[in-house]
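See below for the structure under consideration.
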Amino acid sequence: MPLYRIHRIKDAPREAFRWAAHTGGIAIIKPKDYDFTGEVEAATPYAAWKALTSEDRPLRPGDVLESFDAVGGPFEIRIAKYIGFEPAQWWTPEQKHGLDTSTSVASEPAASNQDAQR
């Protein structure tokens, strides 16, 4: 039976989530907006929801369940919404390739300043 990690959304992002328009597709979620609060063993995300509700730790909209495969890697991430669970993905910063290492030298403005002083 899969093991689900429970990530509870923090209060400030919860308010933004509450008032945001419903969108379809994969939700992009930021790790800084969540607190890890434990694990639950269940057959499906809905079974986990039911188990947590019966333990007086219900999932609320915006909370995330993350399951893992047999190797220990992330298998499936689901975000609780008002209409059920939808797929989600952790946000990762974009890798910057080919950083510009050249420095711009402001020699022209300095030259014009010298001309203005003459």
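This chain uses plain numbering: 1 for the first residue, then up along the sequence. Keep in mind that the numbers below use all heavy atoms, side chains included, and drop hydrogens, waters and symmetry copies. Computed from a predicted model, the values in this text were never measured in an experiment.
- Arg60 is linked by a side chain to side chain donor-acceptor pair (under 3.5 Å) to nothing, counting only residues two or more places apart in sequence or in another chain.
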Exercise for the section: For salt bridge (Lys or Arg N to Asp or Glu O under 4.0 Å), just list the numbers for Asp33 and Lys10, CA-CA rounded to whole Å, side-chain angles, deciding distance to a tenth of an Å, and then say yes or no. Expected result: CA-CA 6 Å; Asp33 293 339; Lys10 294 178 181 175; over 6 Å; no

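- Centroid-to-centroid, the aromatic rings of Trp49 and Tyr4 stay 6.0 Å apart or farther.
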Practice task
Begin with the C-alpha distance, continue with both residues' side-chain angles, and end with the deciding distance and a verdict on side-chain contact (heavy atoms from CB on, under 4.5 Å) for Arg8 and Leu59.
Solution key: CA-CA 8 Å; Arg8 305 274 183 182; Leu59 290 175; 3.8 Å; yes

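- Between Gly62 and Ile9, the shortest heavy-atom contact is O-CB, 3.6 Å.
- Put simply, the side chain of Tyr46 gets close to the backbone of Phe85: a donor and an acceptor are under 3.5 Å apart.
- The side-chain heavy atoms of Glu41 and Pro2, taken from C-beta on, include no pair separated by under 4.5 Å.
- Take Glu94 and apply the salt bridge (charged side-chain N to carboxylate O under 4.0 Å, His left out) test, not counting sequence neighbours, and it matches no residue.
- In this structure, Arg78 and Pro45 approach most closely via the heavy-atom pair CG-CG, 4.1 Å.
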Handout entry: Ile6 vs Phe36, side-chain contact (heavy atoms from CB on, under 4.5 Å): CA-CA, chis, key distance, verdict
Key = CA-CA 6 Å; Ile6 305 161; Phe36 171 73; 5.8 Å; no

Practice task
Please test Asp63 against Thr37 for side-chain contact (heavy atoms from CB on, under 4.5 Å), starting from the C-alpha separation and ending with a verdict.
Solution key: CA-CA 10 Å; Asp63 291 344; Thr37 60; over 6 Å; no

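- Partners of Phe17 according to the ring pair (Phe, Tyr, Trp, His ring centres under 6.0 Å) rule, which considers only residues two or more places apart in sequence or in another chain, do not exist here.
- The two residues Ala51 and Ser54 have their closest heavy-atom pair at O-OG, 2.8 Å.
- With hydrophobic clusters built from ILVMFWY side chains whose heavy atoms lie under 4.5 angstrom apart, Leu65 does not share a cluster with Ile79.
- A distance-only check finds no donor-acceptor pair linking the side chain of Arg5 to the backbone of Glu66 [under 3.5 Å].
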